[in-house]
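Note: hydrogens, waters and symmetry copies are ignored here, and every other heavy atom, side chains too, is used. Everything numeric in this text was worked out from a predicted model, so none of it was measured.
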Number of protein chains: 2
Amino acid sequence: MASVTLSDVAREAGVSLATASRAINGSANRTVRPDLQQRVLAAAARLGYSPDANAQAMARGRTSTLGLIVHDIADPYFSSIAAGVTTAAEAAGLMVTLASTGHRPEKELAFIDVLQSQRARAIVIAGGRQDAEEANERLRAALATYRSRGGTVAVIGQPILDVHTVAIDNVGGAAELARALHGRGYREFAVLTGPAPHLTARERTEGFTTALAGLGVEVPADRVVASEFTRDGGYEAMTELISRQADHRRRDGLGSLAVFAVNDVMAMGAMAATRDAGMRVGEDVGIAGFDDIVTLRDVTPGLSTVAVPLVDAGVRATRMALDSDGDAVVEQLDGAVVLRDSTPGP
Amino acid sequence: MASVTLSDVAREAGVSLATASRAINGSANRTVRPDLQQRVLAAAARLGYSPDANAQAMARGRTSTLGLIVHDIADPYFSSIAAGVTTAAEAAGLMVTLASTGHRPEKELAFIDVLQSQRARAIVIAGGRQDAEEANERLRAALATYRSRGGTVAVIGQPILDVHTVAIDNVGGAAELARALHGRGYREFAVLTGPAPHLTARERTEGFTTALAGLGVEVPADRVVASEFTRDGGYEAMTELISRQADHRRRDGLGSLAVFAVNDVMAMGAMAATRDAGMRVGEDVGIAGFDDIVTLRDVTPGLSTVAVPLVDAGVRATRMALDSDGDAVVEQLDGAVVLRDSTPGP
DNA sequence: TTGTAAGCGTTATCAA
DNA sequence: TTGATAACGCTTACAA
């Protein structure tokens with residue numbers, strides 16, 4: 001690591017350290033004489049000088065790092081958000097430090113500590129919150145400390161951490177989906193919901209069932225199946241649902257039933273389970289998801305879903321974290337129902 | 001940013017700066033008396049001390065940062081690799097700085113500079129190389145400089161940058177796929193290949209056609225369609241292919257034709273184009289891809305493809321970058337053919 | 001406009 | 001075992 005330092009450059013250019021510094025980054029203190037500036041730049045190039053960002057961070061008292069915490073970067077939901085965050089961060093001249101928790105909530109705290117240590121300028125946390133008050137309280141405390149030290153924060157998810165939040169309208173989107181499916185003629189519904197404490201799953205489920213109730217349709221309790229918030233969760237929940245239904249209606253399949261899986265990846269699992277049970281998606285049973293994952297837009301039958309602008313969510317969260325420093329602001333992001341052939345109507 | 005410093009902790013604990021430092025991280029210089037150690041730790045906790053990673057980096061002369069450069073983090077190919085990289089990095093006690101180039105090769109160079117400035121310990125570059133010698137030469141130079149300054153590098157892609165490389169066996173995988181499709185009875189083939197300079201696309205195409213040649217089957221030039229390496233590229237190429245074929249064989253569709261799209265995402269585009277042209281995937285034409293993207297494993301008909309262990313590629317590349325410091329090592333990663341219903345046989 | 005010198009928060013060397 | 005103190009590479013008052 002025998003790096004070339006700014007002193008080396010200064011010496012090579014025959015100027016003082018201060019002048020070299022000013023020439024290379026044009027600091028607040030205005031100008032350096034053009035010819036000197038050139039000399040310094042030339043010397044830097046000749047020596048292959050690379051400024052030490054850590055030293056700069058120390059001297060300046062601030063870094064150009066933004067932290068991004070996701071549950072699982074391989075999940076298309078989070079990777080889309082990450083794309084938005086990296087884009088917006090780059091536009092702001094920041095590099096992003098990526099932390100993937102692997103769905104372990106305690107890692108969130110640990111990563112906040114690390115980002116705190118790195119003196120990251122801002123932290124973006126992506127991913128719905130859990131209904132787990134002690135965990136949330138710890139998170140709130142950690143973020144409050146981070147903010148008190150000058151960092152800024154934005155969360156994509158539920159606005160319960162007292163920080164800037166991009167809140168996806170899960171309730172509204174699910175409700176609209178419910179009405180749209182009802183509009184296509186479905187009168188029987190089921191929900192493959194996530195784990196009970198998962199707020200996003202819960203909001204989507206409630207939005208869906210409440211909207212149906214408003215239309216005079218009830219979703220019986222045995223048609224609300226809990227599971228993991230994953231592809232396998234969707235598969236298992238659908239399998240379970242099918243076996244529960246088998247009793248009543250063995251021969252005619254699930255006929256006029258529309259199944260709402262609370263995210264697209266679960267919906268894909270549900271589709272697979274449907275097929276493995278010998279039924280056809282769309283014809284024997286309708287299936288809808290939530291998110292409109294871009295990679296899944298070409299599946300057949302086309303998956304009905306609620307499109308969420310995930311990349312945009314990442315961009316907005318980053319901007320919020322960077323721009324506004326005051327009280328916690330909540331920005332709502334609406335989804336848009338997209339009806340495709342997985343729910344053609346009964 | 002009025003942070004608590006180690007001096008504050010030392011004062012609070014009534015010990016020297018040096019002792020505080022040793023107590024908190026147990027440096028090479030062995031022990032600190034247990035009671036002092038406790039006092040320091042307690043003081044640190046009381047004050048909410050958070051070590052300044054930048055200062056540590058300066059003093060220690062090394063960081064705990066690993067840089068990851070991808071073309072597009074929203075692409076499932078890269079997000080899977082990123083998952084492997086973050087996992088392996090975390091295991092090594094490193095944080096990863098994520099850089100997404102948006103497919104602009106010049107950004108790769110710029111990011112290497114930034115990572116160099118950050119004094120990142122290692123850099124992992126994911127994504128196939130282009131046949132563009134000046135660009136590659138610049139990259140080689142940048143990486144050589146980075147390495148000469150003490151950094152280590154690993155690339156996932158073609159081993160042409162004189163650094164450690166995880167090379168995916170595109171030729172072999174595509175060849176095996178060709179033989180497997182031939183084994184299912186196909187005798188006519190087409191290839192939706194990527195842009196000409198894209199080495200991964202080229203290797204897959206060549207592996208495929210060469211293997212077929214070995215079986216006595218030739219792929220006519222007008223059945224090799226170039227396009228972007230994306231979903232839309234696949235869609236357009238397939239549309240083009242269909243229109244080219246339309247002349248000969250209007251009524252019987254593409255019958256016994258198997259189409260190899262050089263990656264899964266392109267294959268999804270090709271499937272969409274097939275359907276939009278009123279044909280059925282599997283029955284009217286076979287379609288296969290490459291990569292076995294996890295999110296696409298449940299599409300119907302199931303997409304025949306070559307499974308590439310992408311997460312593992314990320315893990316290995318990270319380990320290579322971290323472990324071996326010497327000459328460029330090339331580790332080959334084999335794919336495995338997975339035949340599904342998108343190529344049932346003619 | 002340029003230079004001198006004082007930090008920035010740690011680690012690590014060297015004495016004590 | 002502990003404590004001064006000199007780096008680490010840079011920025012930025014403050015002087016010149």
message = At less than 3.5 Å, do the side-chain atoms of A:Arg22 and the base atoms of C:dG3 form a donor-acceptor pair?
response = yes
Would you say the side chain of B:Arg119 and the base of D:dG9 hold a donor-acceptor pair, judged only by whether the two atoms sit under 3.5 Å apart?
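Answer is no: no donor-acceptor pair is held.
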Residue pairs meeting salt bridge (Lys or Arg N to Asp or Glu O under 4.0 Å), one or both in residues 63-80 of chain A, sequence neighbours left out, come to none
Residues pairing under salt bridge (Lys or Arg N to Asp or Glu O under 4.0 Å) where one sits in residues 86-97 of chain A, two or more places apart or in two chains, turn out to be A:Glu90-B:Arg104, A:Glu90-B:Lys107
Atom [atom1] of [X] and atom [atom2] of [N]: how far apart are they, to the nearest Å?
X	N	atom1	atom2	result
A:Asp52	D:dG9	CG	P	7 Å
A:Gln37	C:dT2	CD	C1'	14 Å
B:Met58	D:dA6	CE	P	16 Å
A:Leu6	D:dA7	CG	P	19 Å
B:Arg149	D:dG9	CZ	P	12 Å
A:Gln118	C:dG9	CD	P	17 Å
A:Ile24	C:dT2	CD1	P	14 Å
B:Arg62	C:dT10	CZ	P	16 Å

Query - Whichever of A:Asn54 and B:Leu36 has its nearest DNA chain D nucleotide further upstream toward 5' - result: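 Checking each residue's closest nucleotide, the 5'-ward one belongs to B:Leu36.
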For B:Arg119 versus A:Ser50, what's the shortest heavy-atom pair and its separation?
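Closest approach of B:Arg119 to A:Ser50, heavy atoms only: NH2-O, 2.8 Å.
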On a heavy-atom basis, which atom in B:Gly326 and which in B:His164 lie closest, and how many Å separate them?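 Of all heavy-atom pairs spanning B:Gly326 and B:His164, the closest is O-CE1, 3.9 Å.
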- Query: Counting side-chain heavy atoms from CB outward, which of D:dC10, D:dT11, C:dT10 is closest to A:Thr5?
  - Reply: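 Taking heavy atoms from C-beta onward, the closest nucleotide is D:dC10.
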**Prompt:** So do the side chains of A:Ile112 and A:Leu139 get within less than 4.5 Å of each other, counting heavy atoms only?
**Reply:** yes
message = With heavy-atom distances below 4.5 Å as the criterion, would you say the side chains of B:Thr19 and B:Val32 are in contact?
response = yes
Strictly below 4.0 Å: does [X] bring a side-chain N or O up to OP1 or OP2 of [N]?
X	N	result
B:Gln56	C:dT11	yes
B:Arg33	D:dT1	no
A:Asn25	D:dT11	yes

Axis-to-axis angle for the helix from C:dT1-D:dA16 to C:dA16-D:dT1, ends of five pairs each, to 10°, equals 40°
Please give me every residue in residues 11-20 of chain B whose heavy atoms get under 4.0 Å of an atom in DNA chain C, ordered by residue number.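 B:Leu17, B:Ala18 - these, ordered by number, are the residues of the stretch whose heavy atoms sit under 4.0 Å from the strand.
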Give a yes-or-no answer on whether the side chains of B:Gln158 and B:Thr200 include a donor-acceptor pair shorter than 3.5 Å.
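There is such a pair (donor and acceptor under 3.5 Å, judged by atom type) between the side chains of B:Gln158 and B:Thr200.
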**OP:** Sorted by first residue and then second, give each ring pair (Phe, Tyr, Trp, His ring centres under 6.0 Å) pair with at least one member in residues 85-121 of chain A; sequence neighbours left out.
**Re:**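 Sorted pair list: A:His71-A:His103.
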Sequence neighbours excluded, the answer for salt bridge (charged side-chain N to carboxylate O under 4.0 Å, His left out) partners of A:Asp35 is A:Arg33
So does A:Glu108 pair up with A:Arg138, basic N to acidic O under 4.0 Å?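 Between A:Arg138 and A:Glu108 there is no salt bridge, as every charged N stays at least 4.0 Å from the carboxylate O atoms.
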Notebook entry, point to check: If you look at every strand shown and take non-hydrogen atoms under 4.0 Å, does A:Ser117 touch a base, only sugar-phosphate, or nothing?
Noted result: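 Result for A:Ser117 = nothing.
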